[in-house]
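Step one of this worksheet: look at the structure below.
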Amino acid sequence: MRSSPPCTPPTTAASCRVAPSRPVTGARKGEQTPAADLPVARVVVDVPLAHLDRPFDYLVPATAAATAVPGCRVRVRFAGQQVDGFLLSRAAESDFGGRLGYLTRVVSPEPVLSPEIAALARSVADRYAGAMIDVLRLAIPPRHAKVESEPPAGPSPVPAAPPVQGWHRYPRGPAFLDAVRAGRQAHAVWQALPGEDWPARLAELAVTAAAGERGAVLVVPDYRDVARLHAACVALAGEEAVVALSADAGPAKRYRRWLSVLRGTARIVVGTRASVFAPVRRPGLFVVWDDGDDLHADPHSPYPHVRDVLVQRAHAAGASVVVAGFARTAEAQLLVDTGWAPEIVGSREELRAAAPRVVALGESDVQLARDPAARAARIPSVAFDAARTALQAGRPVLVQVPRGGYVPALACQHCRAPARCRRCAGPLGLPAARPDSGPAGEGPSAPTCRWCGVPDTAFRCGTCGSRRLRAIVVGARRTAEELGRAFAEVPVVGSGATEVLATVPNRPALVVATPGAEPVPEEGYGAALLLDGWALLGRADLRAGEEALRRWMLAAALVRSHREGGRVVVMAESVLAPVQALVRWDPVWHARQELDARTELGFPPAVRMAAVDGPAKALAVFLEELELPPTGEVLGPVPLGPEDRERALVRTSRAEGRALAAALATAQHVRTARKEPDPIRVRLDPLELI
DNA sequence: GCAATGAGCGTC
DNA sequence: ACGCTCATTGCT
């Protein structure tokens, strides 16, 4: 109903209906009036209930007319509580039939949620059957009021286009660089040549984009990569134009850097997974380096993957995309196969020139190396020879071991199948000795499941029935000891979970490192020994082969070319596909195989799949209510761990991926609307599937 | 027949 | 965590 006295200030039908109709002059003390212009604020509220994942309308009080800008943080009264929210937009009127409340306050007028990121968060939430507010929590760092009040620096100078030679080693490299330079949208899947100075190449792309006044976002797995790539960008574009975003900085530093992106000071963003949402101005280039690294999958709801977000964002922004690494994932292969991205790979001649000589073990070597009784033979003679030669030439040698600690995994003594927990099929291991306990003392502890923690005192192999166990991985410490004895004159340095070295000098040294912690050598390793390859390949994981090859290539790429004497010895059987791919340095061949295998099995990325888990009963109800699209199919549920939890896999064709996510979201809405106490977790295309 | 009370629910 | 609805209770 329109009230008869005219609303003051002039209003629309909606605001008149919902606002106090009393003229301002007659308003009671403390009574609010709506803003004259666009009095309705659409707000996304921070509440954990899935069915409330939509905007709610509020009135903007006249006092906040200028500060309640789109993208600002607000506080609102929602169901009696004060909750945080983001103001999406201002509108003249509301569709809501009821009475609107006022914004409680504008927390800050800083427009932290740009329309671009708001739209991205919505589409990422939809893609992953999650809530927009959860994506915003990943995308926008917590506010730091003091930092926000610091005067902004203003845009940094546009950097000059860098001279670029490095991309000429790749037949399609110069064309891609031209597209970035011209501001054309281009896509690429890039496999870096072994030994490639990939931070330099990516910096060249980023600074080229920045020189054309386009922003660039480069996402890498961890803070060490951030540091390297940041340094490479700074070398070409100067300090001001580049910012490093990673979670390890404190809240103030983190927010200051993020604001420098928002305010247009920084033009190039280098960071870990959350940087994929960084609000760069005029985005022109998005890069994900080493897209197979698990760190690119965010462990927080809705569990988005950097590569997917990047592709969605670049598509909406008309920006270029590079999905890069030494190895290639099945997902990247699909981008190539569907024609979405041309591949950038080195020419045959360049590859021949750059690659180290890689040798794998024959069957007899493997038997020897696996035998813990022949301790000295654990590192076979080809490996010793490679190490000795490199050390004599004055170069460091990389020794890659799977994990830190001591004897972490167990296998059947007889058939060597990985020892699995009888309850949950998780891997059995020996619990790590307490660091403070003495060397001797308490006896050996029972094999224990590393997933559910249940000790198994009466192991029996599921494959051959043997009761005897053996260690299949010898930890970094013991390997270091053995090598140290073999090369007594050479220093042994370790890099792993506790301390990670960034670089090593060009001197003889044995560098023992776990995957991902390999120090970058000043001038290339003389050799790399990739130990315990069967342990990497023995994981009961769909991606074990891909993951092993990725880690090997990351390490082997740090070795000098075979022309400079670079040797790589991988302790795994040469008949295995990932080993062959390493020996031939053919990541494309392996990615094709991997994608074919997943297509055959009906696993992502060939199909869209969701892992749904929760308490057995709640899960059953959820699956019952789930209205799947035509190609939908439910696998399981199967028990998950020692609790009452179960997990089902739900899959559809890729074409029905959106419909699958929508169906899952709807089922979640129904649950939260009913106030079901048991949470059901939904993850789309999760990395660990079996 | 109908106020007073309380549980349940939706949330602008 | 409020304010709304709707059911139940208890009194005239």
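The chains referred to below are lettered A, B, ... by the order of the sequence lines, with proteins before strands, and numbering in each begins at 1.
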Residue pairs involving residues 59-81 of chain A (criterion salt bridge (charged side-chain N to carboxylate O under 4.0 Å, His left out); sequence neighbours excluded): A:Arg75-A:Asp84
Separation of atom CZ in A:Phe96 from atom C1' in B:dC12, rounded to whole Å: 4 Å
For DNA chain B, the dot-bracket pattern of Watson-Crick and G-U pairs whose distances stay under 3.5 Å, | for other-strand partners: ||||||||||..
Interatomic distance where NE2 belongs to A:His51 and P belongs to B:dC12 [whole Å]: 11 Å
Run the side-chain donor-acceptor check on residues 264-273 of chain A: report pairs under 3.5 Å with partners two or more places apart or on a different chain.
{"from": "A:Thr265", "atom 1": "OG1", "to": "A:Gly154", "atom 2": "O", "distance (Å)": "3.2"}
{"from": "A:Arg267", "atom 1": "NE", "to": "A:Ser156", "atom 2": "O", "distance (Å)": "3.1"}
{"from": "A:Arg267", "atom 1": "NE", "to": "A:Ser156", "atom 2": "OG", "distance (Å)": "3.4"}
{"from": "A:Arg267", "atom 1": "NH2", "to": "A:Ser156", "atom 2": "O", "distance (Å)": "2.7"}
{"from": "A:Arg273", "atom 1": "NE", "to": "A:Asp298", "atom 2": "OD2", "distance (Å)": "3.4"}
{"from": "A:Arg273", "atom 1": "NH1", "to": "A:Leu295", "atom 2": "O", "distance (Å)": "2.9"}

A:Glu240 atom CD, neighbour heavy-atom count above 12 within 6.0 Å: no
Would you mind writing out the side-chain donor-acceptor pairs for residues 213-223 of chain A within the sub-3.5 Å range, not counting sequence neighbours?
{"from": "A:Arg214", "atom 1": "NE", "to": "A:Arg282", "atom 2": "O", "distance (Å)": "3.3"}
{"from": "A:Arg214", "atom 1": "NH2", "to": "A:Pro283", "atom 2": "O", "distance (Å)": "2.9"}
{"from": "A:Asp222", "atom 1": "OD1", "to": "A:Arg224", "atom 2": "N", "distance (Å)": "3.1"}
{"from": "A:Asp222", "atom 1": "OD1", "to": "A:Asp225", "atom 2": "N", "distance (Å)": "3.1"}

Residues A:Ser123 and A:Gln312: side-chain donor-acceptor under 3.5 angstrom: yes
Nearest-Å distance for atom pair CD/P, residues A:Glu676 and B:dG10: 13 Å
Protein-nucleotide distance (A:Leu52, atom CG; B:dC12, atom C1'), rounded to Å: 11 Å
For A:Tyr255, the option from A:His144, A:Arg143, A:Glu148 that meets side chain to side chain donor-acceptor pair (under 3.5 Å): A:Glu148
Under 3.5 Å, N/O pairs linking protein and nucleotides 1-5 of chain C:
{"from": "C:dA1", "atom 1": "N3", "to": "A:Ala79", "atom 2": "O", "distance (Å)": "2.5"}

ring-ring contact (aromatic ring centres under 6.0 Å, His included) pairs, two or more places apart, involving residues 35-86 of chain A: A:Phe56-A:Phe78
Aromatic stack A:Phe56/B:dC12: centroid gap under 5.5 Å, interplanar angle under 30°: no
Residues A:Asp308 and A:Tyr128: side-chain donor-acceptor under 3.5 angstrom: yes
Sugar-phosphate, base or nothing in reach of A:Arg54, heavy atoms under 4.0 Å: base
